[in-house]
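Since we're looking at a predicted model, the values are computed, not measured. Nothing fancy with the numbering, it's 1 onward along the sequence.
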Amino acid sequence: MRQPAQLNGAEDDSAGPGGGRASLLGPADVRRLADRLGVRPTKQLGQNFVIDPNTIRRIVAAARLSADDVVVEVGPGLGSLTLGLLDAARRVVAVELDPVLAEALPGTIAERAPRLAANFELVHANALRLTELPGQAPTALVANLPYNVAVPVLLTMLERFPSLRRILIMVQAEVADRLAAEPGGRVYGVPSVKARWYAEVRRAGSIGRNVFWPAPHVESGLVALDRREPPRADVARAEVFAVVDAAFAQRRKTLRAALGGWAGSPARAEELLRRAGVDPGARGESLGVAEYAAIAAARAADDSKESAS
């Protein structure tokens, strides 16, 4: 993998502050800004700041943004990725939980991307509690997400903002592998299935440790998602997710046994599985999201008949 370039912001971008483009943050810029704010990355919030401008360019390129995109960024931190996104999109809305970072970010944007500052808006909030965003609906999500909230944030944003068509997140490699895993794989599980309810999912690259400050103990990965229609329109997402949760709560058991509690009994679980075209002796890790949807639809049809009779 290409080693990170040790550049500061001024050396990195010929346009520089005051030009038409954003001046990206390099290692010295990030540390200087953190010192000025009295900020030290905390493990509790999973903060690891990107210090390499080339990595920022790579992430922005992988996001495949257009000049018309409205991007939401969760956890912008000191603004390394935010500045790169402003160069590529029409508007960037950054959602930051840390009050010190939230207060400082607009000033950083104004200083390093003055001609683009009008295209930026800061929302001081917990992304897991977001129900709306200011302005036009977002069309893309691009973010460096901490390990402990990566999957909940991703699924929450997909659920609450159906206008999101493209997503690119940087997460720890283990999380990236789980999200992109295919049925039958060792790390295939609940996140793999639920993400595919909303989108096509793929690994979009690996990121080394040395592009972060502080350097994490693990590698990171990029995951790209392209929104598509759910596999079925005749069953609710919550009903499908209930089947997924039940199947993986006892992933070593056959689906007949694992879904016994969800269906009411193992016998009824077997009946529903057969009706959905799924082998009752299979395990949850072998099914794709369409098969889980078929199981949920079979029960929904049964429940509807019972309520009508």
Side-chain angles (χ1 to χ4, degrees), residues 22 45-47 49-50 56 59-60 62-110 112-146 148-171 175 179 191 194-195 197-201 204 222-230 237-238 241:
L45 294 178
Q47 292 171 327
F49 301 133
V50 180
I56 295 301
I59 294 169
V60 173
R64 297 181 290 121
L65 301 173
S66 77
D68 292 325
D69 272 316
V70 176
V71 180
V72 57
E73 180 190 6
V74 175
L78 293 170
S80 297
L81 179 56
T82 317
L83 290 162
L85 294 172
L86 280 167
D87 268 340
R90 181 160 63 86
R91 187 166 180 265
V92 176
V93 179
V95 181
E96 177 58 63
L97 175 62
D98 186 300
V100 174
L101 296 175
E103 183 178 0
L105 187 54
T108 301
I109 301 303
R112 304 190 70 91
R115 295 189 184 180
L116 301 173
N119 301 338
F120 170 77
E121 187 157 0
L122 187 283
V123 175
H124 180 203
N126 184 335
L128 291 173
R129 298 176 183 171
L130 274 182
T131 56
E132 60 182 5
L133 287 166
Q136 187 177 345
T139 58
L141 165 67
V142 185
N144 172 21
L145 296 177
N148 56 339
V149 296
V151 171
V153 166
L154 172 65
L155 295 178
T156 296
M157 297 297 288
L158 282 166
E159 175 191 350
R160 295 181 184 171
F161 299 98
S163 59
L164 291 172
R165 308 313 302 172
R166 289 184 310 286
I167 292 173
L168 185 80
I169 55 172
M170 180 163 58
V171 293
V175 178
L179 284 169
K194 290 184 177 180
W197 171 261
Y198 299 102
E200 300 291 343
V201 187
L222 298 175
V223 180
L225 298 93
D226 293 299
R227 173 89 69 169
R228 58 167 172 73
E229 292 299 315
R237 173 193 56 79
F241 283 11

side-chain contact (heavy atoms from CB on, under 4.5 Å) evaluation trace for Val142 with Ile167:
CA-CA 6 Å; Val142 185; Ile167 292 173; over 6 Å; no

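- Checked against side chain to side chain donor-acceptor pair (under 3.5 Å), Asp226 has the following partners two or more places apart in sequence or in another chain: Arg64.
- For the atom pair Leu86 CG and Arg115 CZ, the distance stands at 14.5 Å (nearest 0.5 Å).
- Considering only heavy atoms from C-beta on, Leu179 comes within 4.5 Å of Ile169 through its side chain.
- Within the structure, the side-chain hydrogen bond (donor to acceptor under 3.5 Å, both in side chains) test picks out the following pairs touching residues 120-132 (sequence neighbours left out): Arg91-Glu121.
- Residues passing the side-chain contact (heavy atoms from CB on, under 4.5 Å) test with Ala104, sequence neighbours excluded: Leu37.
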Given Leu154 and Leu225, is the side-chain contact (heavy atoms from CB on, under 4.5 Å) satisfied, shown in steps?
CA-CA 10 Å; Leu154 172 65; Leu225 298 93; 4.2 Å; yes

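- Among all heavy-atom pairs drawn from Ala102 and Glu96, the shortest one is N-CG, 3.7 Å.
- Partners of Gln136 by side chain to side chain donor-acceptor pair (under 3.5 Å), not counting sequence neighbours, listed by chain and number: Arg90.
- Taking every heavy atom of both residues into account, Ala88 and Val60 meet most closely at CB-CG1, 3.6 Å.
- Remark: Ala125 engages Val95, Val123, Leu130 in a side-chain contact (heavy atoms from CB on, under 4.5 Å) (not counting sequence neighbours).
- When all heavy atoms of Ala62 and Leu222 are compared, the closest pair comes out as CB-CD1, 4.4 Å.
- When the side-chain contact (heavy atoms from CB on, under 4.5 Å) test is applied to Pro106, the partners found at least two apart in sequence or on another chain are Phe120, Leu122.
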Pair Val74-Leu141, side-chain contact (heavy atoms from CB on, under 4.5 Å): steps then yes or no
CA-CA 8 Å; Val74 175; Leu141 165 67; 3.9 Å; yes

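- When every heavy atom of Pro138 is checked against every heavy atom of Val72, the shortest pair comes out as CB-CG1, 4.1 Å.
- Partners of Arg227 by side chain to side chain donor-acceptor pair (under 3.5 Å), not counting sequence neighbours: none found.
- Here CG of Asp68 is found 8.5 Å from OG1 of Thr139. Values are rounded to the nearest 0.5 Å.
- Taking each heavy atom of Leu116 and Asp87 in turn, the nearest pair found is CD1-OD1, 3.5 Å.
- Under the salt bridge (charged side-chain N to carboxylate O under 4.0 Å, His left out) criterion, no residue pair touches residues 74-84, with sequence neighbours excluded.
- Atoms CG and CG, from Leu168 and Leu85 in turn, are 9.5 Å apart once rounded to the nearest 0.5 Å.
- Sorted by first then second residue, the side-chain hydrogen bond (donor to acceptor under 3.5 Å, both in side chains) pairs that include residues 149-164, not counting sequence neighbours, are Glu159-Arg237.
- Look at Arg165 and Asp69 and you find no salt bridge, because none of the NZ, NE, NH1 or NH2 atoms lies under 4.0 Å from a carboxylate O.
- Val201 and Val223 make their closest contact through CG1-CG1, 3.7 Å (heavy atoms, listed as atom of the first residue, atom of the second, distance).
- Residue pairs meeting the side-chain hydrogen bond (donor to acceptor under 3.5 Å, both in side chains) criterion with at least one member in residues 70-84, sequence neighbours excluded, are Glu73-Thr82.
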side-chain contact (heavy atoms from CB on, under 4.5 Å) for Leu83 and Ile56? Distances and angles first, verdict last.
CA-CA 9 Å; Leu83 290 162; Ile56 295 301; over 6 Å; no

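- Side chains of Leu155 and Tyr198 form a contact here, defined as non-hydrogen atoms less than 4.5 Å apart.
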